[in-house]
Every structure is written in structure tokens, then in C-alpha cells.
Amino acid sequence: MASVSMVPSIRRLDETVVNRIAAGEVVQRPANALKEMLENSLDAKATNITVTVKDGGLKILQIQDNGIGIRREDLSLVCERFTTSKLTAFEDLMQIGTYGFRGEALASITHVAHLTITTRTADSKCAFRARYTDGRLREDPRPCAGNVGTQILVEDLFFNMAARRQALRSPAEEFNKISEVVSRYAIHNSSVGFTLKKQGEPAVYLRTPPRSSALDNIRTVFGAATAKELLQLTHEESSLKLSVSGYISGVNFAAKKSTMLLFINHRLVESTALRKALEQVYSSYLPRHAQPFIYLSLQMAPEMVDVNVHPTKNQVYFLHEDQIIELIQKKVDSLLVGTSAARTFYTQTLLPGASSAPPAADLPPAKAAARPQQTVRTSHRDQKLDTFVRQAAAAGAGDGENGAAAAAGAAPQSVRPVELSSVLSLREEVERGCHSGLRRLLAEHSLVGVVTAQLSLVQHQTRLYLVNHRRLAEQLFYQICLYQFGALGLLQLEESPPVRELALLGLEQKDAGWTEEDGPKEELADCVCQVLQRHADMLDDYFSIQVDGQGRLRALPLLLDHYEPPIAALPGFLTRLATEVDWETERQCLHDICREIARFYSWTPATDGAVGEPARLQLERALLPAVKEQLLPTGRWADDGTVLQVADLPDLYKVFERC
Ligand code: ADP
Ligand code: MG
């Protein structure tokens with residue numbers, strides 16, 4: 001049997017091997033397969049893209065989008081080499097495609113992995129699933145359930161190329177590459193929501209909401225400390241048919257390693273020449289060993305991108321390269337000169353008269369005069385404080401556009417790589433303490449009704465539970481602070497209220513526990529202001545709490561969309577932040593701050609009365625969905641009355657039977 005088929009099978013093998021080698025050259029590692037698939041999803045007009053990875057993409061690399069989908073009749077074609085639906089852009093493809101794949105991406109992948117496409121177009125009643133091997137459909141596409149859009153599943157990448165598999169770095173490193181690609185595309189395509197997760201793990205590694213801005217996403221990925229130092233750059237050069245835009249770090253920013261995100265005609269590329277040229281510009285502004293952050297998007301006529309580049313290389317060369325690089329150098333230089341001049345000027349104006357007097361002393365005297373009667377001030381306070389808060393970036397994110405993303409399961413949102421081991425260890429503590437039974441209950445529950453400001457009735461399977469949602473909220477906010485550490489959004493305060501004045505209000509509240517022995521309230525309020533100012537950088541970078549040089553509170557963290565913190569508790573929060581946090585040891589300090597923020601955001605008035613409409617809406621629309629999706633509950637709650645079973649349907653049946 002074997003001998004009979006030997007000759008033809010050797011010839012077939014030949015072709016397969018050739019294809020495989022060719023494909024292996026095109027798809028060198030999971031991250032560049034992913035890049036191709038991301039671009040396909042973006043071409044398909046997706047507004048939500050979810051990437052799920054196992055073992056650094058080697059076991060599973062899956063991308064789900066809500067784009068236009070692929071028609072059933074095209075499913076037999078998409079994985080043949082050099083087939084593309086992008087005929088209108090054919091000329092572009094011939095040129096730009098030289099550093100891309102010219103309709104080769106999917107075909108190549110089928111030669112080195114198991115590929116399954118599940119896709120549905122808007123006019124189709126169902127989705128279709130197709131499996132491919134070596135550039136061909138394995139059998140007719142099968143109808144199945146599915147959302148409009150496309151899911152591409154790549155399994156066992158390089159299963160037939162042992163040497164390649166071995167040559168690859170560890171899954172962890174491949175995952176890093178993948179996360180780099182996803183986060184960069186997320187920044188460049190900020191109108192699209194991106195999610196990156198590891199298969200079977202509760203935490204979402206990265207999430208950017210749809211309709212955000214590039215700057216928002218830079219903040220999510222690289223942190224507030226980076227985002228706030230960036231300068232916007234835009235430039236048009238019609239003679240070169242070139243336009244440049246992006247964000248670059250200013251003179252006050254210094255990183256150990258330079259970061260460069262470069263897109264040419266919306267494709268992520270590298271250009272060593274441009275990188276070196278810009279690092280050189282920065283070297284005359286930054287201290288030695290300090291490196292910049294650069295995100296640039298170049299758009300140029302396709303014919304200007306050098307066509308003689310190997311298709312798999314990310315390195316790109318373009319015509320008029322020297323001229324273009326010089327032009328960008330000049331532009332960057334002029335931006336940096338501008339800001340460094342401003343910096344010098346600022347220091348000079350400060351130097352002569354400025355003293356190091358505590359900023360609290362700068363409070364205009366008018367404020368003191370405006371404080372005669374307590375009652376007036378109290379009502380004045382609530383109103384005024386309410387107007388302080390305005391949701392800066394409402395963004396309207398996460399409203400369930402993408403079924404796939406919504407089905408994500410337990411997941412503290414948007415996590416960016418964090419180096420601080422203290423934060424990682426606090427997260428581990430949360431994860432270790434997570435109770436899987438309660439987790440399932442919370443994930444699958446449905447709300448029966450809100451009972452009081454603190455309690456709700458929920459149903460899970462046949463059981464009814466009384467749930468202390470205030471405690472859940474507190475733990476949720478604590479976890480959000482930990483998992484979005486350094487990447488929290490901002491709630492801008494419309495009129496930045498003076499911290500000192502807020503602290504005074506806080507000290508006057510009954511539960512502040514102020515006694516004569518603590519010293520005069522005025523002094524304590526000064527002290528609160530000073531403590532917060534002293535730690536202002538850290539509070540801003542890590543927690544998006546902004547206190548400015550005048551001692552005014554400028555922003556609070558945005559923990560959940562459509563959720564505003566209870567402003568009545570703001571004074572108490574600031575006072576506690578200054579006095580209850582252990583500022584000395586890192587882990588304890590970060591823990592305490594997260595706890596105080598959580599306590600503040602979950603605060604409810606201590607009444608058992610009915611809940612107001614706005615509070616109920618916040619609970620139903622913002623809080624409980626987030627609890628469902630991402631809260632990791634602690635086992636303690638099963639015993640301490642936080643989650644209390646009040647009835648079980650089968651038991652009730654028994655009761656009814658007896659009646
Ligand atoms: P190219 O993108 O160069 O056309 P690919 O091999 O990457 O080549 O994709 C082949 C074809 O498959 C595309 O032209 C497109 O028609 C279809 N396709 C691939 N991915 C998607 C997707 N996520 N959504 C819709 N169509 C897709
Ligand atoms: Mg493609």
C-alpha cells in the first residue's frame with residue numbers, strides 16, 4: 001500500500017513542504033500573524049476586536065471582530081494565496097503590500113497551523129464555520145450560531161515545524177510581543193475597542209473602550225505619567241505628499257528605554273533611521289540615559305514607500321527618506337524648544353518672589369469671609385460640590401456592542417503591565433481569596449430589586465439572595481484601583497475646590513472623630529493639604545487624583561463609566577487619605593490608598609429608607625454590570641451576611657405543597 005502511493009505522495013509532500021517553508025517565512029511568530037489579522041479586522045470596519053491567547057499564541061490565537069464578516073461563498077477562497085477582496089485598493093496593495101502580505105496572510109497561516117473561521121454577514125441568518133488546512137477548505141462550511149463579524153481561530157501554530165517552534169522564545173515573551181502589537185494598534189485606532197485576554201484566565205490584560213482618543217489609550221497602555229507629558233505634533237508637507245501626526249514626550253519626560261510607535265499609512269512598522277534621528281534630537285534636551293516616548297503616524301503617497309523590501313520585514317524604507325527624516329527632526333526640535341523655553345520662563349518667574357510657604361496660605365482671604373454660618377455653608381456645599389464634578393471623558397464605553405467581549409466573564413478591566421511588585425502581590429492576594437462559587441453566583445445573577453441604599457435582592461438559579469451591594473461595590477472599586485493601577489481615567493472637577501477647605505468640611509463631619517486634642521481644625525486642614533501636595537505626583541500617576549500647586553483638587557479617578565462618586569463623602573475622603581494612609585511603606589501605602597478610594601466611591605448615606613432614582617440607576621446600569629463582569633468575591637462574604645441566601649425555590653415548593 002505504502003509503496004504504491006509512494007511516487008505521487010512524494011510529489012504532493014514536496015509542494016506542501018515548499019508551501020510550509022514559504023508560509024513559515026511570512027509568519028515568523030504569533031505576533032506577526034496577529035498583526036495581519038488585526039489589519040483584516042480593521043479593514044472589515046470592526047469597532048470591537050477581542051484577542052484571546054493561550055501559551056503566547058502558540059496554542060491558541062483567536063481574534064473576534066464585529067466587522068462586516070465574510071460571505072459564505074467567499075469562504076472557499078479567503079485562504080487561497082493571493083486572493084483578496086480588496087480589489088479597489090489593488091494598486092495600493094501592489095505597493096504598500098510589499099511590506100505586507102498581498103492576500104497571503106490567511107493562506108500562509110493555514111500551512112503552519114489549524115485555522116478555523118466563524119463568520120456572519122449582516123444579511124445572513126446564521127454564521128458559518130469553515131476549517132482549513134494547507135490553503136484549502138477541509139469540508140463545506142457549516143452553519144452555526146454567531147454574531148455578525150468574524151472570528152478567526154489559529155491553533156497549534158507551527159505544529160508541523162518543530163524547529164521553528166523550538167527557535168521561538170518562551171510563551172511569556174511571545175505574549176509580550178502580542179500585547180505590544182495589540183496595544184499599539186489600539187492607540188493608533190482609538191475609535192475601535194480592543195481587548196486582550198489570556199484563555200482561561202479571569203483577568204483582562206488590556207482593554208480600550210471604543211470611541212476613545214489616542215491619548216486616552218496611551219494613558220491606558222503606558223500610564224498617566226507618560227500621557228500627561230506628551231505634546232501633540234501635526235505637520236503637512238504638500239511637496240512631499242506627506243502628513244505627520246502624533247504625540248511625543250516633552251522635556252520633562254525621561255524613560256530608561258525609548259518607546260517608538262511608528263505607523264506608515266496605518267501599518268505598524270519600524271524605521272531604525274527615523275528612531276536614531278529622533279533620539280539624537282532628544283539627546284540635547286534630556287539628561288544622559290533618558291529616553292523619549294514617540295508615537296508618529298506618517299501618511300504618504302503609496303509610491304513613496306520603498307518597494308524593495310522583503311515582505312516579512314517590519315523595517316521600512318521610504319523614498320526621500322533623508323529629507324523626510326530631517327523634516328520630522330526639525331518639527332520635533334521646534335516643539336521641544338517651545339516647551340523648554342516655557343519651562344525656563346516659568347522657573348524664572350517663580351524664583352524671585354516665590355517662597356516655600358505652605359500653599360495653603362495662598363488661599364484668598366475671601367474664602368474665610370465666606371464661611372460664617374454653618375447651615376448656609378452646608379447647603380451651599382452640596383450644591384457647589386455637585387457642580388464641581390463633571391465627567392470628563394464620558395466616552396460611553398462598554399455598552400455591549402460586541403457580544404464576544406461581553407461574554408468575557410470575570411475580569412478586572414484594563415490591565416497594563418505593572419512593574420511594582422507590591423501591586424502585583426496585592427492583586428495576587430485578591431485572586432487567591434476569590435471564591436469560585438460566589439464568583440459564579442455574581443456572574444450569573446439577575447437583579448430582582450434594590451431594597452435599600454445598601455441591599456439588593458438577586459436571584460441565582462432557584463435561589464434568592466439578599467446582597468449587600470455597598471460592600472460589593474467597595475471591593476469592586478478596590479479591585480479596579482489595583483487592576484487599573486497607573487491607568488485610571490480622569491474625572492475632571494469643573495471648579496477645582498481647594499483641598500484645605502474640603503478638609504475643614506471633612507473635619508466638621510460627625511464621623512470624622514475630631515476631638516480638641518487633635519489640635520485646631522484649621523491647622524489640621526493645612527496639614528491635610530500639605531500631605532496631599534507632597535504626594536501629588538504619586539497620587540496623579542498611580543490614581544489619577546490631581547492636586548495642583550495651589551492646593552486645589554483638579555481631578556478624581558474615573559473608576560467606572562456612568563458612575564460618579566458620592567460627592568457628599570469627598571471631604572471625609574480627603575481627610576482620611578491624608579491621615580489614615582501609611583505613607584511610609586510602599587505596599588501598605590498603595591493598599592491604603594486603594595481602600596480609601598474604594599470606601600469613598602462606595603459610600604452611601606446611612607439610611608434604611610428608599611433609594612433615590614439616580615442612585616438606583618447608577619447601581620443598575622454601572623455598578624451591578626461591573627460586579628457581574630469583573631468582581632472577584634472573597635469567600636468571607638458567604639459567612640458574614642454580605643451574600644445571604646433568603647430562599648430556595650425547591651424548599652418553597654415544599655412549603656406550598658403542604659399548604
Ligand atoms: P488581504 O488582507 O491582503 O486581502 P488576507 O489573507 O489577509 O489578505 O485576507 C484575505 C481576505 O479574507 C481578505 O481580502 C478579506 O476579504 C477576507 N478577510 C480576512 N479577514 C477578515 C475579517 N476579519 N473580516 C472580513 N473579511 C476578512
Ligand atoms: Mg490582510
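In listed order, ligands and their atoms are each counted from 1. Along the sequence shown, residues carry numbers from 1.
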Ignoring hydrogens, what is the shortest heavy-atom contact between E270 and L262? Give both atom names and the distance.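 That would be C-CD2, 4.4 Å.
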Could you tell me if [Y] and [X] have a donor-acceptor pair between their side chains, going purely by distance under 3.5 Å?
| X | Y | value |
| --- | --- | --- |
| N217 | S190 | no |
| S124 | R72 | no |
| T118 | R129 | yes |
| S213 | D216 | yes |

Minimum non-hydrogen distance to atom 19 (C) of ligand 1, winning option of I152, T121, L106: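 Heavy atom nearest to atom 19 (C) of ligand 1 belongs to L106.
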What do you reckon, does G67 put a non-hydrogen atom under 4.0 Å from ligand 1?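 In this structure, G67 fails to qualify as a contact of ligand 1 - no heavy atom is under 4.0 Å.
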Yes or no: does D65 have any heavy atom under 4.0 Å from an atom of ligand 1?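 Within the 4.0 Å threshold, so yes.
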Atom indices of ligand 1, in the order listed, that fall short of 4.0 Å to a heavy atom of [X]:
| X | answer |
| --- | --- |
| A44 | 24 (N), 25 (C) |
| I70 | 18 (N), 25 (C), 26 (N), 27 (C) |
| S41 | 23 (N) |

Are any of the N/O atoms on D43, whether in the backbone or the side chain, positioned under 3.5 angstrom from an N/O atom of ligand 1?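 Such a contact does not occur with ligand 1.
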Say whether A105, considering both its backbone and side-chain N or O atoms, lies within less than 3.5 Å of an N or O atom on ligand 1.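 Yes, there is a polar N/O contact under 3.5 Å.
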Please tabulate, one pair per line, all N/O donor-acceptor pairs under 3.5 Å involving side-chain atoms of residues 242-249, not counting sequence neighbours.
from : atom 1 : to   : atom 2 : distance (Å)
S249 : OG     : F293 : N      : 2.9
S249 : OG     : F293 : O      : 3.4

